[in-house]
Amino acid sequence: MAPSQPELTKGKKRKRDHGSTTTERVKKGTGKLIRFEAEAEGEGEGKTEDADNKDEAPPENPEQTRDLEPIHQKPGHRHEHSHKSSLHPRRQQRDFPKAHTTLPPHVLKKRDELLPIRKSLPIWPHVKSIRAALRENNVLVLTGETGSGKSTQVPQFLLSEPWCTKTIAITQPRRVAAISLARRVAEEMGSLFGNQSPSAKVGYSVRFDNATGPGTRIKFLTEGMLLQEMLRDPEMSQYSAVVVDEVHERSVNVDLILGFLRNLVAGVDKGRKRKTPLKVVVMSATADVQALVQFFGEGLQTSARDVEVETGDSGAARTKSGKPSIDSPESKPDQSTNSKSSNQPTQGHSQVSTCFVEGRQYPVKTVYLPSPTQDWVETSLKIIFQIHYKEPLPGDILVFLTGQDTIEGLEKLINEYAQGMDADVPKLLALPLFAALPQHAQQRIFTPTPPRTRKVILATNIAETSVTVPGVRYVIDCGKSKIKQFRNRLGLESLLVKPISKSAAIQRKGRAGREAAGQCYRLYTEEGFNTMEERTTPEILRCDLSHAILTMKARGADDVLNFPFLDRPPREALEKALLQLLHLSALEETGAISEQGLKMAKLPLTPTLGRVLVEAARPERDCLLDVVDIISALSVENIFLNLVTEERKEEAEAARRELYRREGDHMTLLVTVQRYEEERSDRKAWCEKHFVSHRAMQNVMNVKKQLLQQCSQLKLLTSTDKADSSPSEAKTQAILACILRGFISNTARLMPDGSYKTLMGNQTVSIHPSSVLFGRKTEAIVFSEFVFTGKAWARGVSAVQLDWVSEVIEAIM
DNA sequence: GAGCACTGC
């Protein structure tokens with residue numbers, strides 16, 4: 001039962017990553033960071049802290065970090081940079097606030113407190129080489145492991161550079177990260193934050209929340225936000241540099257950003273050349289340096305060849321021989337920055353620099369199972385109690401499982417077994433953690449552990465990247481996760497339990513070594529580990545590409561088959577998506593983006609939902625406001641609460657009956673949103689009464705507001721349409737026609753045997769039990785979601801007439 | 001005839 005202890009580490013004294021004197025500092029620093037991450041999870045975002053000093057401007061001191069003694073210069077003694085101002089009129093134009101006043105004392109104090117922590121970060125000694133690298137070249141690939149400090153320090157290092165006259169953008173995959181990093185950097189710089197004051201130098205931009213001002217020089221934003229900006233301002237004229245962080249996570253958005261940036265720095269975008277070059281820093285945790293360097297290096301070389309052809313410049317000819325630097329960082333651990341352009345001084349800016357920064361991590365011992373198991377719940381249970389009896393407190397346990405059901409199963413078992421423990425054994429506190437859990441329940445992992453208690457956090461993938469659980473010294477990893485996979489042929493998504501990659505396993509293990517030395521129990525054998533894929537398949541290789549391609553077309557990247565992909569999706573997947581966009585009339589027959597397609601690309605919606613919206617704005621449909629309500633409800637998590645017990649389910653059914661519509665789920669959503677809005681006194685109580693999620697409804701209202709704004713910007717909101725509180729028959733038909741136009745590939749007809757078969761593809765589908773049409777028979781259905789979980793399910797279903805469907809199909813084929 | 005990893009605009 002007990003997993004074997006690995007012989008390698010047994011009895012051997014574990015070596016720390018650093019000496020004992022620095023350990024204290026490190027611990028202090030780590031602790032701060034974790035508290036700060038935990039705060040960011042909460043509401044309010046601490047915006048009040050500096051609020052009473054709104055008018056006080058911190059000193060502008062661009063030189064401050066240059067000599068590694070940034071903060072020790074007295075405020076007010078700032079350097080004058082008249083030469084810089086005359087060289088860069090843009091800076092004057094932006095009128096970045098100047099420091100005529102002293103800093104608020106508490107802001108100063110905080111800044112000075114943080115300085116020693118900053119200085120102890122592994123990235124701090126690299127400041128000179130990072131700056132030199134970007135003076136020499138326009139692209140830097142920086143590899144920094146967890147805890148290196150790259151996300152907070154790199155933008156600060158670059159701010160004082162002569163080329164940096166505008167703003168630095170730094171992207172994050174998640175909202176919380178963008179917001180909390182911005183707050184941290186503001187504190188470190190002794191600046192106010194966000195839009196507290198026009199002089200605030202650090203800000204962030206995430207959906208529904210833009211906290212930037214005229215003085216913003218460092219701007220943290222989500223990847224999606226940057227992409228939207230890139231559609232509106234193709235040259236990225238407000239930025240001197242773009243830092244792309246967490247590239248190793250390889251979201252579709254990051255892949256698009258990298259492709260666009262490569263074209264931009266290489267100047268291959270037709271007619272798009274910036275006056276001053278854009279500096280690009282690509283930051284990644286794992287050592288994918290070679291692929292990234294090659295990716296940008298090839299682009300630069302192509303452009304250098306173009307220059308040669310155009311100008312006949314003999315100097316440029318030499319670029320051809322200048323290969324991009326492809327040294328792996330591990331091979332040169334003592335040489336922090338590599339650049340191959342030094343031997344070709346005439347060829348500045350045509351190469352890619354690399355930099356490797358070591359991480360900060362305590363050692364973690366790995367323990368494998370002697371033989372494979374299928375029963376993770378049972379095995380986890382044994383290991384949890386084995387750790388609990390054997391290892392001293394403190395030291396919480398983090399268990400990685402695949403989903404809600406296994407988590408709840410294990411939680412129940414732990415609680416049962418824990419009751420049988422002797423009174424002298426410390427208590428065990430099992431805490432589930434998954435995204436669908438209400439916010440307050442998720443917050444429980446951040447509350448201090450009660451005395452003589454060990455926390456056991458039972459988590460999904462959410463704890464791998466999104467949430468940092470404090471206090472963990474033991475990790476149990478089942479080696480699997482649920483992965484979404486798009487099937488091109490069927491056009492449906494499936495969620496499958498699959499083995500994780502080696503890099504994910506290493507990431508999970510690392511969660512045990514954030515605060516002290518730890519242990520990682522892998523519920524698989526060492527051989528099992530060795531057979532795992534090296535890295536997780538990037539999302540772009542396993543998702544529906546229609547949205548990505550629409551974005552590319554909207555940005556003028558017309559030749560999608562030759563787009564610079566870091567990983568090129570199979571031709572079949574690209575063609576499938578192009579065809580889908582053609583059917584949606586987002587593209588012309590020639591493949592060029594249509595006027596309609598451009599509007600769809602600018603909406604924060606999938607192409608299908610975007611198409612529904614655009615259709616609703618047409619005069620003959622004239623139902624935009626109702627459709628916006630439906631789309632808003634479809635854009636958020638399920639607005640109807642999931643009930644567990646049979647009794648509560650029946651209660652909910654009865655309470656919701658007045659909302660249900662026989663036309664299907666879409667009209668039911670419309671009525672629910674309308675009734676919620678009609679409720680003027682207590683919407684929260686209304687939600688509780690109808691078993692509707694209040695949080696989800698608040699999100700619906702946010703999305704609705706944003707969509708209406710964008711509709712008016714895109715000149716879609718010009719109709720005479722009025723939302724009726726009870727849509728007429730004709731209105732209902734118009735609404736369903738719009739839904740059909742977007743989801744024509746998601747239609748099915750009733751077969752004589754009572755099953756449904758899709759009209760395009762002849763696939764059997766079933767109406768999902770969550771639908772109001774579950775168990776009903778109607779001649780045809782249209783559905784907004786098509787998922788495979790053991791069986792093909794249609795979710796978000798409306799009843800339609802077969803001849804409506806045929807009409808649309810004939811029109812587009 | 002019964003289900004849902006995680007982000008994000």
Side-chain angles (χ1 to χ4, degrees), chain A residues 171-178 205-210 221-232 246 249-254 256-257 400-408 433-437 442 459-467 478 480-485 493-498 500 504 536 539 542-543 547-548 550-551 554 600-607 609-610 631-632 635-638 640 642-644 646 649 699 702-703 706-707 709-710 753-756 764-771 773-777 785 787-796:
Chain A
T171 68
Q172 293 295 319
R174 282 166 290 279
R175 297 164 55 97
V176 270
S205 174
V206 300
R207 191 182 187 184
F208 307 130
D209 192 3
N210 181 356
L221 30 58
T222 44
E223 292 158 355
M225 272 322 250
L226 188 74
L227 270 181
Q228 284 292 314
E229 286 188 4
M230 287 174 107
L231 292 187
R232 289 173 170 82
E246 312 283 13
E249 291 191 22
R250 293 296 304 277
S251 62
V252 173
N253 282 346
V254 119
L256 289 180
I257 288 173
F400 282 101
L401 295 166
T402 52
Q404 185 173 347
D405 50 343
T406 45
I407 286 173
E408 286 170 347
L433 178 66
F434 46 89
L437 208 62
Q442 285 189 28
T460 60
N461 263 356
I462 194 172
E464 208 175 286
T465 48
S466 308
V467 178
C478 74
K480 309 268 180 196
S481 70
K482 284 190 183 171
I483 300 224
K484 189 167 73 184
Q485 192 91 40
E493 288 174 342
S494 53
L495 206 56
L496 303 167
V497 175
K498 288 197 141 181
I500 60 172
T536 311
E539 194 187 358
R542 51 185 171 83
C543 76
H547 188 68
L550 187 61
T551 309
M600 287 159 61
K602 289 180 178 172
L603 291 165
L605 298 169
T606 58
L609 282 176
I631 289 177
S632 303
S635 301
V636 306
E637 73 268 30
N638 200 358
F640 293 115
N642 262 335
L643 287 317
V644 190
E646 232 16 76
K649 271 180 196 169
N699 285 336
N702 276 333
V703 177
Q706 190 190 29
L707 285 179
Q709 262 169 16
Q710 283 165 335
D753 65 357
S755 71
Y756 289 93
T764 305
V765 289
S766 308
I767 297 177
H768 194 272
S770 65
S771 170
L773 293 184
F774 177 62
R776 290 257 312 273
K777 305 256 183 281
E785 222 182 317
V787 289
F788 190 93
T789 46
K791 166 174 189 183
W793 295 107
R795 302 185 62 211

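Labels below follow one simple rule: chain letters A, B, ... track the order of the sequence lines, proteins then strands, and each chain is numbered from 1. Both backbone and side-chain heavy atoms feed into the values below; hydrogens, waters and symmetry mates do not.
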Considering only side-chain heavy atoms of A:N461, which listed nucleotide, B:dA5, B:dG8, B:dT7, is closest?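 Output: B:dA5.
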In terms of side-chain heavy atoms of A:Q404, which of B:dA5, B:dG8, B:dT7 is nearest?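 Out of B:dA5, B:dG8, B:dT7, the nucleotide with an atom closest to A:Q404's side chain is B:dA5.
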Please give, in whole Å, the distance from [N] [atom2] to [X] [atom1]?
X: A:E246; N: B:dG8; atom1: CD; atom2: P; value: 13 Å
X: A:K498; N: B:dC6; atom1: NZ; atom2: P; value: 18 Å
X: A:E637; N: B:dA5; atom1: CD; atom2: C1'; value: 15 Å
X: A:Q228; N: B:dC9; atom1: CD; atom2: C1'; value: 5 Å
X: A:I631; N: B:dC9; atom1: CD1; atom2: P; value: 18 Å
X: A:L437; N: B:dC6; atom1: CG; atom2: C1'; value: 14 Å
X: A:D209; N: B:dC9; atom1: CG; atom2: C1'; value: 14 Å
X: A:R207; N: B:dT7; atom1: CZ; atom2: P; value: 15 Å

Scan [X] against the nucleic acid and name what it touches under 4.0 Å (heavy atoms): base, sugar-phosphate only, or nothing.
X: A:S481; result: nothing
X: A:V206; result: sugar-phosphate
X: A:I483; result: nothing
X: A:F208; result: nothing

Roughly how far, to the nearest 0.5 Å, is the [atom2] atom of [Y] from the [atom1] atom of [X]?
X: A:I483; Y: A:E539; atom1: CD1; atom2: CD; result: 10.5 Å
X: A:S481; Y: A:I500; atom1: OG; atom2: CD1; result: 6.5 Å
X: A:F434; Y: A:T402; atom1: CZ; atom2: OG1; result: 12.0 Å

Do A:D753 and A:S755 have side-chain atoms, one donor and one acceptor, less than 3.5 Å apart?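 Looking only at side-chain atoms, A:S755 and A:D753 do form a donor-acceptor pair, the distance falling under 3.5 Å.
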With nearest nucleotide decided by heavy atoms, which residue, A:D405 or A:L603, maps closer to the 5′ end of DNA chain B?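 Its nearest nucleotide lies further toward 5', so the answer is A:D405.
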Does the distance from a Lys or Arg side-chain N to an Asp or Glu carboxylate O, for A:R174 and A:E223, drop under 4.0 Å?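 Looking at A:E223 together with A:R174, the answer is no, because their closest N to O distance does not fall below 4.0 Å.
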Among residues at least two apart in sequence or on other chains, which ones pass salt bridge (Lys or Arg N to Asp or Glu O under 4.0 Å) with A:E246?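 With neighbours one apart ignored, the set is empty.
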Can you list the residues that meet the salt bridge (Lys or Arg N to Asp or Glu O under 4.0 Å) rule with A:K484, with sequence neighbours excluded?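 Expected list: A:E493.
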Distances for protein N or O near nucleotides 1-3 of chain B N or O, under 3.5 Å:
| residue | atom | partner | partner atom | Å |
| --- | --- | --- | --- | --- |
| B:dG3 | N2 | A:N642 | OD1 | 2.8 |

